[in-house]
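Have a look at the structure below before the remarks.
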Amino acid sequence: MSVPDPSTDPKHQRPQRVAILPGDGIGKDVTREAVKALEAAAERWELPLELVHFPYDADHFLATGVSMPPGQMEEFRDRFAAIFIGAYGDPRVPDMRHAADILLGIRFQLDLFINFRPCKLYDRRLCPLAGRSEKDVDFVVFRENTEGAYVGIGGNFKRGTADEVAIQEEVHTRKGVERIVRTAFEWARANGRAKVLMSDKSNVMRYAHDLWQRVFFEVAAEFPELEASHLFVDALCMQMVKAPQQFDVIVTNNMFGDIVTDLGAALQGGLGIAASANRHPGRVSMYEPVHGSAPKYAGTGRANPMGAVLSAALMLEDLGHAEAAAGLEEAVASLVRAGETTVDLGGALTTFEVGDRIARAVASGAAVRG
Ligand code: NAD
Ligand code: IPM
Ligand code: MN
């Protein structure tokens, strides 16, 4: 892993410029509330944040024909400390062009190889599994974020005919696998976790996923105090439902990480409360809720902003504002415990009302336990 350079490390930039990209659908609804929480935190803890709003969404794409103007990615890379995104996807853009350009573009072009997705149950009433409590669901997934099935290499031959052939390749490199596996072990060590589990499908993907097997156990040997284990991804899904308490840290490839984190989100109450960070240590990173743009809920007040707020908390932590990050997380946790939530979590509040209460709790410090 690269060693952060203090002169470019986003933690040390002043002011810390944060690019806000609300996205489409409910992305806009939840981002508005996350911004309120960030502004409240900035005021309370006097954070050196400068939020800069960008207009890139499906409307912008349909009107201009471009997802983002030339040079935008370089500006994010060179002049911003962090990027915050709502969620992209609009039925008027059926091939996902702008979503792929922006979301996957940021992950790939900025080399954000760590997709960090914590899975934490804030209140046992949110867990769909019988008899499970907060201590049973508390693990993190390290999803490889720049390779695997997402590289877009492939094609269609004899497209649209009865003889059509479709090929799409997975790409796994030793460097790419090693850096995400090492990150997972280092995180476990630094955060007092005992176990790291790698998941693949090496019984079928004999070449590509065999690389994961070899690299994982090589790196594991450098962390003798940590228990290293493996499950095939089908078995992992079964175990996540059957006995989620066995997991501390899970590391896996890009597509399996996508799938198991939706399952993980369900264990913590649903997609509305799941957060993520797309990181490259020492460089600009990107933060977004795990959920999508849920177009049918856009503007209805049904979208839960908590996943977005918790993603903002991950961002504050990476920017060096641990106390403010804890303030945001505790504001969410206290509302969950009080049942002051949107309908997906069993409450009766709107997106705006939940966002307001979070911002107020952050501002007053009422939610922060001493
Ligand atoms: P989705 O996450 O948008 O919605 C699936 C379901 O989850 C919703 O119908 C809703 O019941 C629930 N849900 C999701 N977020 C919620 C929230 N904040 N509050 C309450 N309930 C919530 O997934 P989808 O329907 O498969 O995809 C819709 C679009 O979003 C597609 O275009 C997809 O490609 C895109 N997408 C984007 C991202 C992203 O930008 N990060 C992630 C996933 C999907
Ligand atoms: C996610 C999403 C994206 C992914 C889509 C929208 C490309 O599902 O962030 O989990 O597959 O990574
Ligand atoms: Mn997903």
Side-chain angles (χ1 to χ4, degrees), residues 21-34 56-58 61 67 83-108 112-119 126 128 141-152 168 252-266 268-279 286-312 332 336 341-355 358:
L21 281 67
D24 302 312
I26 64 164
K28 295 187 201 305
D29 304 347
V30 299
T31 300
R32 201 173 295 122
E33 305 313 320
Y56 311 132
D57 63 2
F61 176 73
S67 305
I83 306 167
F84 185 90
I85 288 187
Y88 278 100
D90 185 297
R92 293 171 299 162
V93 190
D95 65 355
M96 292 270 299
R97 188 68 261 148
H98 75 298
D101 287 348
I102 298 171
L103 182 68
L104 300 181
I106 286 173
R107 289 179 186 167
F108 277 75
L112 307 182
F113 66 96
I114 304 163
N115 196 328
F116 176 78
R117 295 187 161 186
C119 181
L126 299 186
V141 177
F142 283 85
R143 166 187 177 187
E144 201 293 319
N145 215 26
T146 53
E147 303 192 339
Y150 281 68
V151 295
Q168 188 145 7
T252 190
N253 66 61
N254 207 340
M255 183 171 276
F256 293 171
D258 177 45
I259 297 167
V260 303
T261 54
D262 264 33
L263 175 48
Q268 47 176 156
L271 275 168
I273 197 169
S276 79
N278 298 256
R279 294 175 171 147
M286 185 266 276
Y287 305 82
E288 52 169 350
V290 173
H291 66 76
S293 57
K296 68 179 181 217
Y297 290 159
T300 64
R302 289 178 66 98
N304 183 352
M306 289 175 167
V309 173
L310 292 171
S311 303
V332 168
V336 167
T341 65
T342 42
V343 285
D344 56 311
L345 299 189
L349 301 179
T350 63
T351 312
F352 174 85
E353 288 167 336
V354 171
I358 291 172

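Numbering of ligands and ligand atoms starts at 1, following listing order. Scope of the values below: all heavy atoms of this structure, side chains included, with no hydrogens, waters or symmetry mates.
Residue Arg117 has at least one N or O atom closer than 3.5 Å to an N or O atom of ligand 2. For a threshold of 3.5 Å applied to N or O pairs, the pair formed by Glu288 and ligand 1 contains at least one separation below that value. The shortest N or O to N or O distance between Arg107 and ligand 1 is not under 3.5 Å.
The heavy atom nearest to atom 3 (C) of ligand 2, considering only Leu104, Thr261, Ile85, Leu103, is found in Leu103. For atom 22 (C) of ligand 1, the candidate residues are Ser276, Ala308, Gly272; the nearest heavy-atom contact is made by Gly272. Nearest-heavy-atom check against atom 20 (C) of ligand 1 across Leu271, Asp262, Leu345, Asp344 picks out Asp344.
Which parts of ligand 1 touch Lys296 is read off a 4.0 Å heavy-atom cut-off, strictly below it: atoms 9 (O). Interface of Ile26 with ligand 1, defined as ligand atoms under 4.0 Å from a residue heavy atom, comprises 15 (N), 16 (C), 17 (C), 18 (N). Of all atoms in ligand 1, listed by their number and element, those nearer than 4.0 Å to a heavy atom of Met96 are 32 (O), 34 (O). The distance from ligand 1 to the heavy atoms of Ala294 drops below 4.0 Å at these ligand atoms: 3 (O), 4 (O), 28 (C). Close approach of ligand 1 to Leu103 (heavy-atom distance below 4.0 Å) involves ligand atoms 39 (C), 40 (O), 41 (N). Close contacts of ligand 1 with Ala303, meaning ligand atoms under 4.0 Å from a residue heavy atom, involve 19 (N). Per-residue contacts place Gly292 under 4.0 angstrom from the following atoms of ligand 1 (heavy atoms of the residue considered): 1 (P), 2 (O), 3 (O), 30 (O), 36 (N), 37 (C), 38 (C), 42 (C), 43 (C), 44 (C). Short contacts between ligand 1 and Val290, defined as distances under 4.0 Å to a heavy atom of the residue, involve ligand atoms 42 (C).
Ser293 N, 3.0 Å is the protein heavy atom nearest to atom 30 (O) of ligand 1. Protein heavy atom closest to atom 10 (C) of ligand 1, with residue, atom name and distance, is Tyr297 CE1, 3.4 Å. For atom 14 (C) of ligand 1, the closest non-hydrogen atom of the protein is His291 CB, 3.6 Å. Atom 32 (O) of ligand 1 has Gly89 CA, 3.4 Å as its closest protein atom, hydrogens excluded (heavy atom only). Closest to atom 11 (O) of ligand 2 among all protein heavy atoms lies Tyr150 OH, 2.6 Å. Nearest protein heavy-atom contact of atom 8 (O) of ligand 2 is Asp258 OD1, 3.2 Å. Ranking protein heavy atoms by distance to atom 19 (N) of ligand 1, first place goes to Asn304 N, 2.8 Å. In this structure, the protein non-hydrogen atom closest to atom 9 (O) of ligand 2 is Arg107 NH2, 2.7 Å. With hydrogens left out, the protein atom closest to atom 37 (C) of ligand 1 is Tyr88 O, 2.9 Å, a heavy atom.
Asn278 places a side-chain N or O within 3.5 Å of a backbone atom of Met286 that can act as its donor or acceptor partner. When atom types are taken as modelled, the side chain of Gln268 and the backbone of Gly270 share no donor-acceptor pair closer than 3.5 angstrom. Side chain of Thr350 to main chain of Gly301: no donor-acceptor pair is present (N/O by atom type, distance under 3.5 Å, no hydrogens or angles). A donor-acceptor pair is defined here as one N or O able to donate and one able to accept, closer than 3.5 Å; no such pair exists between the side chain of Ser293 and the backbone of Gly27. The backbone N or O of Ala303 sits less than 3.5 Å from a side-chain atom of Thr351, completing a donor-acceptor pair. Remark: side-chain polar atoms of Asp24 are not paired, donor with acceptor, to backbone N or O of Tyr88 under 3.5 angstrom.
The shortest separation from a heavy atom of Gly307 to ligand 1 is not under 4.0 Å, leaving the residue out of contact.
Arg143 forms a cation-pi arrangement with Tyr150, by the criterion of a distance under 6.0 Å to the ring centre and an angle within 45° of the ring axis. No cation-pi contact links Arg97 to Phe61, judged by a cut-off of 6.0 Å to the six-membered ring centre and 45° from its axis.
Annotation for Phe108: atom CZ counts as buried by contact number, over 12 foreign heavy atoms lying within 6.0 Å.
To the nearest 0.5 angstrom, Asn304 atom CG is 8.5 Å from Ile26 atom CD1. Taken to the nearest 0.5 Å, the CG atom of Asp262 stands 4.5 Å off from the CG atom of Leu271. Atom CD1 of residue Ile358 and atom CE of residue Met306 lie 5.0 Å apart, to the nearest 0.5 angstrom.
Under 4.0 Å from ligand 2, not a single heavy atom of His291 appears.
Taking the Mn ion (ligand 3) as reference, the nearest N/O/S atom within Asp258 carries the name OD1.
Under the 4.0 Å distance rule, the nearest protein heavy atom to atom 12 (C) of ligand 1 falls outside the cut-off. For atom 25 (O) of ligand 1, the nearest protein heavy atom lies 4.0 Å or farther away.
Between Asn254 and Asn145 there is a side-chain heavy-atom pair separated by less than 4.5 Å. Glu288 places none of its side-chain heavy atoms less than 4.5 Å from the side chain of Ser311.
Residues Tyr56 and His98 place their aromatic rings such that the two centres sit no closer than 6.0 Å.
For the residue pair Thr31/Glu33, the side-chain donor-acceptor check at 3.5 Å is not satisfied.
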